[in-house]
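Keep in mind that this is a model prediction, so the values were computed, not measured. Side chains are part of it too, since the values below use all heavy atoms of this structure and drop only hydrogens, waters and symmetry mates.
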Amino acid sequence: MVRRLVIGLALAAGLISVQMGTGKAQEKGIRILSEQTATGMAFPESVAYDPQAKVLYVSQFGSELKPAEKDGKGRISKVSLTGKIMEEQFLPAPGGGILNKPKGLWVEGNRLWVTDIDVVWEFDLKTRRGTKVDLPGIKFANDVTVRANVLFVSDNRADQLYRVEPADFLEKGGPKVTRVFSGKSVNPNGLYPARDGSLLMVGFGSPQEPRGVYSLGAGGEIKVLAKDLGRLDGLFEMDDGTLLVTEWNSGSLSRWSAKTGMQTLAKGFKGPADFCVVSEAQGLLVVVPDLVKNELRMVRLAR
């Protein structure tokens, strides 16, 4: 999911290649300053930032691009702010269980949550101790986010959303797991806690079944904010209420608003997955994992 990070202007030679002006920003007051690419990943699906340790965590499949295969080869790597892999397998720690195809990440304090096919893990980032919770009936646990000590997990393949409470179950154990909805033609993928207290969702179906942007209210009502935008993955709400999203059909990072619709910011991705955002003095830095290309692309936006 989306986290804050800080990246210096000087990036490691040979690891980062700079591309200027490869994207297109049409929204007034926003433009691309630069794009850099960090390679050496093994099917990265999500990026999170730990502001205390000032490092990135990247969930990686680690073997093949088979997102539902339980082969025990998944990992979460610790990556520097220049894109250098510091620890290939930071999580799980030795003897701390296995990950198969870890996907969505969320960091809050010294806790990290990650989904893995039919379970959700919570780890302590200091001790690396972790525990997992089964999600009965889930088919493809994808993104994860926390809102008011409630953990939400999306399942785009089975068109479901799950709720785990309390979100911090590492010490307490035995959280309550419930299905929020099923079969609503949302196919929720990316999740984000909106500023108005609702839960924002973007949908990911087949190429022939485009999905849109939705919000889930406190009472469980689903509101359609936009229809038929494509196969949407990552999601972030900006200060002005517009959204940043990644979309697989067009291979792009885009900005969406109810007023202007979808506007491409950067393109050329093959598998733009769950990205990370940080506010900077000049604007925003967006780090997008390309699941298919085995790389991270760092897109710096200026207002």
Side-chain angles (χ1 to χ4, degrees), residues 1 37-48 56-79 85 87-94 96-106 112-121 123 130 132-144 153-162 187-191 202-211 230-235 246-252 268-276 287-297:
M1 272 303 295
T37 300
T39 60
M41 308 296 161
F43 305 107
E45 208 282 339
S46 183
V47 183
L56 301 174
Y57 300 111
V58 181
S59 63
Q60 301 187 69
F61 291 176
S63 56
E64 298 179 85
L65 189 53
K66 296 180 179 180
E69 185 175 79
K70 293 185 176 182
D71 60 4
K73 296 181 179 180
R75 60 181 178 265
I76 297 172
S77 300
K78 180 186 285 188
V79 178
I85 296 176
E87 291 187 53
E88 189 71 51
Q89 183 169 322
F90 176 71
L91 293 172
I98 63 170
L99 290 174
N100 294 297
K101 293 295 182 285
K103 298 176 182 69
L105 298 173
W106 187 267
L112 180 146
W113 293 266
V114 58
T115 60
D116 189 7
I117 303 176
D118 54 7
V119 302
V120 61
W121 282 85
F123 291 98
K132 66 180 178 180
V133 169
D134 292 329
L135 303 171
I138 204 163
K139 302 299 182 183
F140 193 74
N142 202 320
D143 200 14
V144 62
V153 178
S154 63
D155 178 356
N156 67 292
R157 289 193 178 182
D159 191 15
Q160 303 179 106
L161 180 72
Y162 279 70
N187 298 96
N189 190 334
L191 306 174
V202 290
F204 189 108
S206 71
Q208 295 76 34
E209 298 175 310
R211 293 293 184 253
R231 291 187 293 164
L232 306 176
D233 196 318
L235 169 64
T246 45
E247 200 279 304
W248 281 59
N249 289 348
S250 59
S252 66
F269 299 94
K270 287 189 176 180
D274 189 18
F275 60 89
C276 170
V287 180
V288 182
D290 195 318
L291 181 62
V292 178
K293 286 186 175 181
N294 294 319
E295 63 188 29
L296 303 179
R297 197 192 306 179

Give the minimum heavy-atom separation between K101 and E69, together with the two atoms involved. CG-O, 3.4 Å
Just so I know, are the side chains of F61 and E45 near enough to count as touching, which here means a heavy-atom distance under 4.5 Å? yes
Would the distance check show the side chain of Y162 and the main-chain N or O of I138 forming a donor-acceptor pair, the cut-off being under 3.5 Å? yes
Minimum side-chain heavy-atom gap P289-F275 below 4.5 Å: yes
Here the gap from Y57 atom OH to F123 atom CZ, rounded to the nearest 0.5 Å, amounts to 12.0 Å
Side-chain heavy atoms of F140 within contact of K103, under 4.5 Å: yes
Under the salt bridge (Lys or Arg N to Asp or Glu O under 4.0 Å) test, which residues partner K132, sequence neighbours left out? none
For the atom pair OG (S46) and CG (D143), what is the distance rounded to the nearest 0.5 Å? 6.5 Å
For a quick test of reading the model, state the closest non-hydrogen atom pair linking G62 to R75 and the distance between them. CA-NH1, 3.6 Å
Compare all side-chain heavy atoms of L161 with those of L191 and state whether any distance is below 4.5 angstrom. yes
What is the distance from atom CG of L135 to atom CD1 of I117, rounded to the nearest 0.5 Å? 12.0 Å
When every non-hydrogen atom of D71 is compared with those of N100, the smallest separation belongs to N-OD1, 3.3 Å
Restricting to non-hydrogen atoms, name the atom on P102 and the atom on V114 that form the minimum distance, rounded to 0.1 Å. CB-CG2, 3.7 Å
Below 4.5 Å, heavy atoms only, C-beta onward: do L112 and I76 meet side chain to side chain? yes
Backbone of V292 reached by a side-chain donor or acceptor of D290 within 3.5 Å: yes
Could you tell me whether a side-chain N or O of N294 sits under 3.5 Å from a main-chain N or O of F43, the two making a donor and an acceptor? yes
Mind checking whether T246 and F269 have side chains closer than 4.5 Å, heavy atoms only? no
Would you confirm whether T115, through its side chain, and G104, through its main-chain N or O, come within 3.5 Å as a donor-acceptor pair? yes
Show me the donor-acceptor pairs, under 3.5 Å and distance only, between side chains in residues 203-211 and residues at least two apart or in other chains.
from	atom 1	to	atom 2	distance (Å)
S206	OG	Q208	N	3.3
S206	OG	E209	N	3.2
S206	OG	E209	OE1	3.2
R211	NE	S185	O	3.2
R211	NE	N187	OD1	2.7
R211	NH2	N187	OD1	3.1

Under 4.5 Å between any side-chain heavy atoms of K73 and E64, yes or no? no
At their closest point, which heavy atom of V47 faces which heavy atom of C276, and how far apart are they? O-CB, 3.8 Å
For K70, what residues pass the salt bridge (Lys or Arg N to Asp or Glu O under 4.0 Å) criterion, not counting sequence neighbours? D118
Quick one: closest heavy-atom pair of K270 and P272, and the distance? C-CD, 3.7 Å
Is E87 reaching over with its side chain to a backbone N or O of K78, donor-acceptor style, under 3.5 angstrom? no
N142 side chain to S154 backbone, donor-acceptor under 3.5 Å: no
When you measure from the side chain of E247 to the backbone N and O of R231, does any donor-acceptor pair fall under 3.5 Å? yes
Walk me through whether D233 and W248 qualify under side chain to side chain donor-acceptor pair (under 3.5 Å). CA-CA 8 Å; D233 196 318; W248 281 59; 3.2 Å; yes
